[in-house]
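Okay, structure first, notes after.
Index from 1, following the sequence.
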Amino acid sequence: MVLPVLAVLLVLVLWSVAVIGSQLRCVDAARVAARALARGEAPALALAVAGDAAPRGARVRTSREGDLVAVDVEVVEALPGPWSGHGPSVTVRARAVAAAESP
């Protein structure tokens with residue numbers, strides 16, 4: 001009876017580590033892309049840089065309001081293993097905003 005409980009706990013711990021890792025990668029991806037856009041890089045380059053830093057399957061959106069550029073990164077982290085897609089999932093989001101540098 002103890003072994004199934006330990007197995008479930010192990011899956012939940014691994015899932016927690018994956019969610020925390022995804023959160024950190026989303027923050028890094030949003031920050032890198034916002035910095036690139038603020039420097040005046042092409043939006044396609046900023047999206048490519050964010051895609052490289054973001055977790056697999058992440059969606060990256062950029063926006064600009066006046067002198068501010070914003071980047072939103074979002075990914076859904078499902079349970080690992082055979083439960084992927086059938087169990088609960090967590091949506092991880094990050095947003096970075098930077099002031100556009102003047103030319």
Please write out which residues are connected to [X] in a hydrophobic cluster, directly or through intermediates, given that two of Ile, Leu, Val, Met, Phe, Trp, Tyr count as joined at side-chain heavy-atom separations below 4.5 angstrom.
{"X": "V71", "value": "L37, L47, V60, V69, V73"}
{"X": "L68", "value": "V97"}
{"X": "V49", "value": "V32, L45"}

Same cluster or not: V11 versus V8, using hydrophobic residues (I, L, V, M, F, W, Y) connected whenever any side-chain heavy atoms lie under 4.5 Å apart?
yes
Should V90 and L9 be counted in the same cluster of Ile, Leu, Val, Met, Phe, Trp and Tyr side chains packed under 4.5 Å apart?
no
For residues 12-27, dump all side-chain donor-acceptor pairs below 3.5 Å to protein atoms at least two apart in sequence or in another chain.
unit_1 : atom_1 : unit_2 : atom_2 : d
W15    : NE1    : E77    : O      : 3.3
W15    : NE1    : A78    : O      : 3.3
S16    : OG     : L12    : O      : 2.9
S22    : OG     : A18    : O      : 3.1
S22    : OG     : E77    : OE1    : 2.6
Q23    : NE2    : R93    : O      : 3.3
R25    : NE     : A53    : O      : 3.3
R25    : NH2    : A54    : O      : 3.0

Determine the minimum heavy-atom distance between A29 and A50, stating which atoms define it.
CB-O, 3.5 Å
Can you see which heavy atom on A38 is nearest to which on A98, and at what distance?
CB-CB, 3.8 Å
Restricting to pairs with a member in residues 42-59, which pass salt bridge (charged side-chain N to carboxylate O under 4.0 Å, His left out), not counting sequence neighbours?
R59-E74
Residues D72, R95: salt bridge by 4.0 Å N-O rule
yes
Going by the side chain to side chain donor-acceptor pair (under 3.5 Å) test, which pairs reach into residues 29-46, not counting sequence neighbours?
D28-R31
